[in-house]
Amino acid sequence: MSLFSRKRAGLGVLGVAVVIASLTPAGGLAAGKEIYLDSRASTERRVEDLLRRMTLEEKIGQMAQIRVGKLRGDCNNVNGPLVDSCLKAVLADAHVGSILSGGGDAPLDNTPRAWAEMNNAIQRYALENNRLKIPIIYGADGVHGHNNVISATMFPHQIGLGATWDPGLQEKIGVSASKALRATGVFWNFAPVSDIARDTRWGRYYETYSEDPFLAGQLAAANVRGQQSKVDDTAQLTATAKHFAGYSAPANGHDRAAAQIPIRQLQDLVLPPFQAQFDAGVKTVMINSGSLNGVPVHASKYMLQTQLRDRMGFKGVAVSDWQDMKYLVDRHKVAPDYKTAIAMSVNAGVDMAMEPSNAAEFTSLLLANVRDGSVSRGRIDQAVRRVLKLKFDLGLFEKPYVDPAKADGNVVNVDRDLARKAAAEGTVLLKNDGVLPLSTSAKKIVVTGETADDVRRQLGGWTVEWQGVPDDSPLPPTATVLTGVREAVPGASVVHAPTQAAAVAEADGADAVVVVLGEKPGAEGPADTENPVLTAEQQAWVDAVQATGKPVVVVLLTARPQVLGAAADAHALVAGWLPGSEGGRAIADVLFGAVNPSGKLPISWPKALGDPTLTYDQLPGANTSAGAKYDPLYAFGHGLSYTSFTTSGPSVSVDRRDGVVKFTVANTGTRAGTTVVPVYVRQPASPVLTPDARLVGFTRVELAAGQSKQVEVSFKLSQLALTVGDVDGDGRREVARGGYEAVVGAEKATFTVR
């Protein structure tokens with residue numbers, strides 16, 4: 001009989017208390033020499049005391065992270081109950097210190113309680129079968145809520161959250177996700193994504209916050225603060241800054257393809273969002289699977305030592321991505337064998353290997369590397385110190401278990417109102433020829449398009465499984481756009497027309513036709529596309545309903561800004577992204593005016609298929625033709641409202657470190673609303689090329705009709721730093737002295753950095 005079968009109910013509260021008591025001073029065990037088990041001692045003392053007691057084999061085990069599928073079923077990723085022999089091989093024999101769920105690695109019964117019971121059972125086995133009682137840390141990809149669990153609330157994916165320009169909201173979402181994950185025994189969340197959006201062909205575009213490094217960094221840092229906050233009596237959770245660095249700029253647009261990024265661009269655009277999270281205290285970083293300038297990042301001392309540690313000051317745990325050390329052999333082909341690859345990566349600076357398949361192989365080869373001098377004992381101790389410090393800092397030694405009885409209450413449909421608010425704030429009104437908001441007195445609304453009532457497309461990838469909700473899975477509880485429209489106008493006839501022909505036929509007598517378009521869910525390589533454009537069928541669908549003469553509203557639930565083609569001619573265009581569990585209600589809130597839209601594009605919306613890498617911060621060139629300039633369909637920061645706003649009177653004051661921009665915002669329309677005001681800085685002349693404008697701050701301003709308010713946005717002068725020097729980019733990052741302009745709306749104010 002398996003351990004999981006014998007202990008299906010998990011550990012009761014009393015059982016948890018007994019186990020924990022045996023590991024604390026109250027239990028007497030720490031009263032002698034075991035400083036590491038004394039919660040009153042400093043983390044540094046505890047780490048050093050534990051480290052000196054560990055064998056080399058035990059240390060190496062802490063550097064391995066193994067997939068939960070190796071602990072259950074057939075011990076080779078076929079799902080089933082936990083099995084004693086599988087647990088023994090990984091946790092006792094190989095001394096593994098971390099377990100993870102890959103996308104879709106859920107218990108047989110995918111409920112919060114079952115997650116908690118499974119993780120308690122794994123933790124209990126680990127504690128009872130290693131002599132030093134070192135807890136494991138369990139990791140999972142909770143990238144838009146606890147999205148592995150069917151009954152959890154799914155928040156919008158990051159691209160939609162980027163459109164909110166609302167750090168406070170991201171912090172609240174971080175708190176919510178953290179509570180849900182921790183309630184099920186997951187204390188390491190592989191989120192948020194820190195990469196900036198650079199290529200619409202890339203399959204993970206929707207996992208980024210923005211094409212702008214400052215906006216992406218501010219939102220990611222806020223999410224980190226929320227995730228890592230202490231909000232209940234469980235151990236804390238660590239967020240992850242990923243994927244360090246350059247992952248989102250593959251040269252050919254395909255996931256994990258080689259990237260070529262000049263050092264100047266790397267330092268001035270790619271790294272700043274990570275720095276924002278390091279400054280916010282993120283405790284772990286995941287390393288880019290791909291190569292950068294000809295070197296795999298997880299084998300690069302320059303990236304993992306010079307940049308990550310020396311220049312950026314990161315002190316936490318660096319973990320590889322999925323099976324990346326093996327990829328040095330069979331994909332990147334920079335190592336002749338796995339043993340050499342392990343040495344390359346560990347010596348470069350990776351502290352923990354996400355090597356999901358074979359714990360014994362990894363630990364035995366790393367042990368052999370140490371014994372033959374390929375990896376020093378000092379490097380092993382350095383990595384293990386970081387791992388142990390993480391576990392102590394999170395409180396796992398004191399609180400390794402969770403209460404299964406509380407799991408459902410902390411996960412199932414929790415914070416749906418927050419998810420609805422997030423989806424509504426992130427909805428961007430791209431175009432409105434006067435048809436929105438729709439009237440709540442409408443008699444007939446036709447809802448059509450292939451995504452109008454498709455839960456899988458609305459939720460996107462990383463939902464239940466890696467590539468999205470599988471066909472044989474129950475659907476997470478989700479309000480689609482069809483549901484939202486029906487609830488918004490309960491007195492109207494809301495007709496679902498599942499085909500183009502049905503939509504045209506039903507348009508007769510309709511007040512409006514809502515066409516909801518999207519794309520197949522996916523993630524990483526399978527979600528790459530050579531053609532980020534609405535399909536010919538989708539464009540024809542819009543044309544057909546437009547030909548009826550009825551007002552047509554196109555809602556885009558897409559993972560990236562698709563080239564619209566003929567659909568751009570619709571009377572109204574609404575970008576809803578991948579809006580999550582409450583997305584349909586949030587979209588309806590905007591369509592019918594219950595919410596005045598405030599979302600602004602965090603990216604540039606391209607006109608043509610030839611613009612997959614179009615960004616607002618492109619560098620100027622000598623070519624003056626229209627296509628050579630920044631020429632999007634909708635610019636970065638674009639977003640309409642049902643009212644109107646103006647900004648005026650900007651002024652700037654600076655001291656040696658900081659700047660403050662003051663200006664007035666006025667609501668000149670007839671409805672209350674919220675606007676986002678970006679503040680840019682430009683340099684009339686610079687020692688190296690700079691974008692025409694760089695975002696240095698922003699603010700959300702809520703105003704009643706006719707109201708005005710003076711606001712101020714502060715920024716650090718260090719945000720203006722650029723890598724100086726010649727083509728080789730070997731200069732320092734410096735803030736150039738001289739004249740600058742702060743740009744707010746159509747006006748500017750000059751200032752000088754001395």
Side-chain angles (χ1 to χ4, degrees), residues 162-169 210-219 424-432 436 575 590 595-605 615-617 630 632-654 658-684 690-717 719-720 739-753:
T164 70
W165 294 57
D166 190 344
L169 179 65
S210 175
E211 70 185 41
D212 179 79
F214 178 75
L215 178 58
Q218 292 300 296
L219 298 179
E425 273 196 23
T427 297
V428 181
L429 181 57
L430 297 172
K431 177 184 178 183
N432 184 19
L436 291 178
V590 170
V595 169
N596 192 347
S598 62
K600 304 292 184 184
L601 287 180
I603 49 80
S604 303
W605 202 290
T615 59
Y616 89 97
D617 54 0
Y630 178 59
L633 181 63
Y634 297 109
F636 174 81
H638 172 77
L640 304 177
S641 171
Y642 297 147
T643 188
S644 55
F645 298 94
T646 61
T647 57
S648 61
S651 64
V652 187
S653 60
V654 296
D658 302 300
V660 177
V661 183
K662 296 181 180 180
F663 50 93
T664 298
V665 184
N667 181 344
T668 57
T670 59
R671 294 182 52 141
T674 298
T675 188
V676 175
V677 184
V679 175
Y680 300 95
V681 167
R682 67 164 58 115
Q683 289 173 265
T690 59
D692 184 55
R694 287 187 282 164
L695 183 71
V696 296
F698 56 90
T699 183
R700 289 178 57 85
V701 185
E702 184 176 351
L703 296 171
Q707 183 184 8
S708 64
K709 185 184 296 184
Q710 187 176 63
V711 297
E712 60 181 54
V713 172
S714 60
F715 64 95
K716 297 184 182 300
L717 293 187
Q719 292 173 236
L720 306 179
Y740 291 80
E741 297 171 346
V743 181
V744 181
E747 299 186 44
K748 63 185 179 183
T750 61
F751 65 99
T752 302
V753 175

Task: Stepwise side-chain contact (heavy atoms from CB on, under 4.5 Å) check, L720 with V681 - done: CA-CA 8 Å; L720 306 179; V681 167; 3.7 Å; yes
- [ ] Begin from the C-alpha positions of Y616 and Y680 and carry the test side-chain contact (heavy atoms from CB on, under 4.5 Å) through to its verdict.
- [x] CA-CA 12 Å; Y616 89 97; Y680 300 95; 3.8 Å; yes
Task: Least distance between heavy atoms, A749 atom then P650 atom - done: CB-O, 3.5 Å
Open item on the list: Just by distance, no angles: are the side chains of D617 and T615 close enough, under 3.5 Å, to form a donor-acceptor pair?
Closed with: yes
Task: Any donor-acceptor N/O pair, Q710 side chain to F663 backbone, under 3.5 Å - done: no
TODO: Rounded to the nearest 0.5 Å, what's the gap from CG on L429 to CG on L640? Could you check?
DONE: 4.5 Å
Open item on the list: Distance alone, cut at 3.5 Å: any donor-acceptor contact between the side chains of R694 and Q683?
Closed with: yes
- [ ] Would you give the length of the straight line joining atom CD of E741 to atom NZ of K748, rounded to the nearest 0.5 angstrom?
- [x] 4.0 Å
Open item on the list: Counting neighbours of NZ on K709 that are heavy atoms of other residues, nucleotides or ligands and sit closer than 6.0 Å, is the number greater than 12?
Closed with: yes
Task: Atom of A742, atom of V661 and distance for their closest heavy-atom approach - done: CB-CG2, 4.1 Å
TODO: Work out which heavy atom in T647 is nearest to a heavy atom in V744; give both atom names and the distance.
DONE: OG1-O, 3.8 Å
Open item on the list: So, applying side-chain contact (heavy atoms from CB on, under 4.5 Å) with V590, which one of N596, V595, L436 is it?
Closed with: V595
Task: Shortest non-hydrogen separation from P602 to L215 and the atoms involved - done: CB-CD2, 4.0 Å
Task: From OG (S210) to CG (L601), nearest 0.5 Å - done: 10.0 Å
Task: Short side-chain to backbone donor-acceptor contact, H638 and K600, under 3.5 Å - done: no
- [ ] Taking N667 for its side chain and F645 for its backbone only, find out whether a donor-acceptor pair lies under 3.5 Å.
- [x] no
Open item on the list: Using 0.5 Å steps for rounding, measure from the OG1 atom of T164 to the CG atom of L169.
Closed with: 5.0 Å
TODO: Please round to the nearest 0.5 Å and tell me the distance separating atom OH of Y740 and atom OG1 of T690.
DONE: 8.5 Å
Open item on the list: What I'd like to find out is whether the side chain of P167 reaches to under 4.5 Å of the side chain of F698, using heavy atoms alone.
Closed with: yes
Open item on the list: I'd like to know whether the aromatic ring centres of W165 and F636 sit less than 6.0 Å apart in this structure.
Closed with: yes
Task: CD-OG1 distance between E702 and T674, expressed to the nearest 0.5 angstrom - done: 4.0 Å
Task: Flag side-chain contact, heavy atom, 4.5 Å: P597 against T427 - done: no
Task: Any donor-acceptor N or O pair under 3.5 Å, side chains E211, S604 - done: yes
Open item on the list: Could you check whether T668 and S644, counting side-chain N and O atoms only, form a donor-acceptor pair closer than 3.5 Å?
Closed with: yes
Task: V713 vs V677, side-chain contact (heavy atoms from CB on, under 4.5 Å): CA-CA, chis, key distance, verdict - done: CA-CA 9 Å; V713 172; V677 184; over 6 Å; no
Task: Closest approach of S648 to E747 (non-hydrogen atoms, all atoms of both residues) - done: CA-OE2, 3.3 Å
Task: Test item: V743 and V679 side chains (from C-beta on) under 4.5 Å apart, heavy atoms - done: no
Task: Closest approach of R671 to Y642 (non-hydrogen atoms, all atoms of both residues) - done: CD-O, 3.8 Å
